[in-house]
There are 2 protein chains.
Amino acid sequence: MFDFMTIIKALADENRVRILMSLKERELCVCQVTELLGLAPSTVSKHLAILKQARLLEYRKNGRWIYYRLADKGKSEMADEALAWVQKALANDKQLKDDEDRLEAILKVDAEQLCRKY
Amino acid sequence: MFDFMTIIKALADENRVRILMSLKERELCVCQVTELLGLAPSTVSKHLAILKQARLLEYRKNGRWIYYRLADKGKSEMADEALAWVQKALANDKQLKDDEDRLEAILKVDAEQLCRKY
DNA sequence: TCTATGATTCGTTATGTGGCGAAATATGAG
DNA sequence: CTCATATTTCGCCACATAACGAATCATAGA
């Protein structure tokens with residue numbers, strides 16, 4: 001029950017759901033997520049930490065950059081099923097399609113240039 | 001996205017999840033749910049309203065009693081899948097098994113006698 | 001080492017939410 | 001109608017949480 005509630009509460013914020021969906025096809029560094037959501041870096045960092053705690057995300061470091069991705073499957077069955085459910089439920093969401101389009105543009109900008117804004 | 005967030009937020013409270021799971025096999029009137037959770041009737045009523053708004057529950061009136069049940073399938077695909085996911089994820093939850101046991105006892109008491117306490 | 005920079009942590013503030021009791025509503029019984 | 005009772009609505013309080021900016025930490029490069 002505790003693990004389940006941790007996952008549900010992690011999902012119970014629109015910006016965190018947007019993060020999960022933006023990571024469906026690729027990994028992103030924090031500044032790219034920040035650009036997508038239009039929030040302060042500290043806020044995004046907190047959201048990522050909450051998703052990580054729920055075992056919905058993992059990350060890897062590469063120099064000064066930290067790349068987040070959806071959790072690898074098989075580590076937490078509950079997390080796997082939560083992610084599958086969210087993706088299915090929101091597969092055709094219009095707002096998230098907008099995010100996807102804007103993300104395409106963000107990915108075309110050099111990450112180093114993008115981050116320098118903050 | 002709005003419907004999805006409404007459902008997720010409805011699920012993001014342990015007492016509301018307990019309500020959903022207690023209704024898995026049967027309908028219950030408000031005072032039975034109140035007895036199960038040990039909360040004030042007004043609080044339970046609010047929780048039920050939130051679940052109803054998310055289309056996870058329906059109800060029927062019978063005299064002074066109002067019986068709540070899980071939403072009939074086929075009305076909201078998102079709600080159907082949410083309920084299926086919750087039930088699968090928590091199928092073996094220990095705390096919820098306790099609820100189930102206590103519910104058995106509550107159901108043996110005449111509902112009229114039970115409600116008179118409040 | 002020193003500086004620049006990506007990310008996180010901390011402190012604060014505003015808003016949201018769960019809880020209760022009192023009052024209101026609705027329905028059945030007498 | 002009047003009273004009892006099952007439920008909901010309302011007003012309030014305590015606590016949780018999302019947001020920001022400032023400060024801190026960590027790492028790469030000069």
Side-chain angles (χ1 to χ4, degrees), chain A residues 2 5-20 23 27-54 57-69 106 109-118, chain B residues 2 5-20 23 27-54 57-69 106 109-118:
Chain A
F2 179 79
M5 292 313 302
T6 301
I7 288 175
I8 278 282
K9 288 179 186 221
L11 295 176
D13 177 275
E14 182 163 339
N15 287 320
R16 286 196 290 269
V17 173
R18 290 173 69 196
I19 291 173
L20 288 180
L23 295 172
E27 62 179 12
L28 293 173
C29 74
V30 180
C31 68
Q32 290 170 321
V33 177
T34 301
E35 177 71 15
L36 177 69
L37 298 183
L39 295 172
S42 61
T43 305
V44 172
S45 183
K46 185 105 173 279
H47 282 315
L48 290 167
I50 290 168
L51 290 167
K52 184 156 61 72
Q53 171 118 27
L57 293 188
E58 299 181 58
Y59 68 97
R60 71 180 175 89
K61 279 187 170 183
N62 184 14
R64 279 169 294 184
W65 286 273
I66 299 182
Y67 289 90
Y68 281 86
R69 65 178 184 277
I106 290 168
V109 180
D110 186 50
E112 198 151 348
Q113 188 185 334
L114 187 70
C115 290
R116 204 153 298 159
K117 291 167 49 178
Y118 300 103
Chain B
F2 179 80
M5 292 312 302
T6 301
I7 289 175
I8 278 281
K9 288 181 184 214
L11 295 175
D13 177 274
E14 182 161 340
N15 286 321
R16 287 197 289 269
V17 172
R18 289 172 69 195
I19 291 173
L20 288 180
L23 295 172
E27 62 179 12
L28 294 173
C29 75
V30 180
C31 69
Q32 291 170 320
V33 177
T34 300
E35 178 70 14
L36 176 69
L37 299 183
L39 295 173
S42 59
T43 304
V44 172
S45 183
K46 187 110 171 274
H47 282 315
L48 290 167
I50 290 168
L51 291 167
K52 184 156 62 68
Q53 171 119 28
L57 293 188
E58 298 181 58
Y59 69 98
R60 71 182 176 87
K61 280 187 170 183
N62 184 14
R64 281 170 294 182
W65 286 272
I66 299 182
Y67 289 89
Y68 282 86
R69 65 177 183 279
I106 290 169
V109 180
D110 185 51
E112 199 150 349
Q113 188 185 332
L114 185 70
C115 291
R116 204 153 298 160
K117 291 167 49 181
Y118 300 101

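These figures come from a predicted structure and were not determined experimentally. Lettering of chains follows the sequences in order, A, B, ..., and the numbering in each one begins at 1.
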*Please confirm whether any donor atom in the side chain of A:Ser42 sits under 3.5 Å from an acceptor in the base of D:dG21, or the reverse.*
yes

*Does A:Arg16 have a side-chain nitrogen or oxygen under 4.0 Å from the phosphate oxygens OP1 or OP2 of D:dA18?*
yes

*asked:* Just N and O in the side chain of A:Lys46: are any of them under 4.0 Å from OP1 or OP2 of D:dT17?
replied: no

*Residue-phosphate contact under 4.0 Å: A:His47 side-chain N/O, D:dT17 OP1/OP2*: no

*Is the shortest side-chain N/O distance from A:Lys61 to OP1 or OP2 of D:dT27 below 4.0 Å?*
yes

_What is the separation between atom CD1 on A:Ile50 and atom P on D:dA16, rounded to the nearest whole Å?_
14 Å

*Can you tell me if the side-chain N/O atoms of B:Asn62 get under 4.0 Å from OP1 or OP2 in C:dG28?*
no

*Interatomic distance, B:Ile66 CD1 vs D:dT9 P [rounded to whole Å]*: 9 Å

*How is B:Tyr59 classified with respect to the nucleic acid when contacts are heavy atoms under 4.0 Å: base, sugar-phosphate, or nothing?*
nothing

*Is any side-chain heavy atom of B:Asp13 closer than 4.5 Å to a side-chain heavy atom of B:His47?*
yes

*Specify the separation, in whole Å, of atom CD of B:Glu35 and atom P of D:dT7.*
13 Å

*Are B:Leu28 and B:Tyr68 close enough that some pair of their side-chain heavy atoms sits under 4.5 Å apart?*
no

*Ignoring backbone atoms, test whether B:Thr43 places a side-chain nitrogen or oxygen under 4.0 Å from the OP1 or OP2 oxygen of C:dG19.*
no

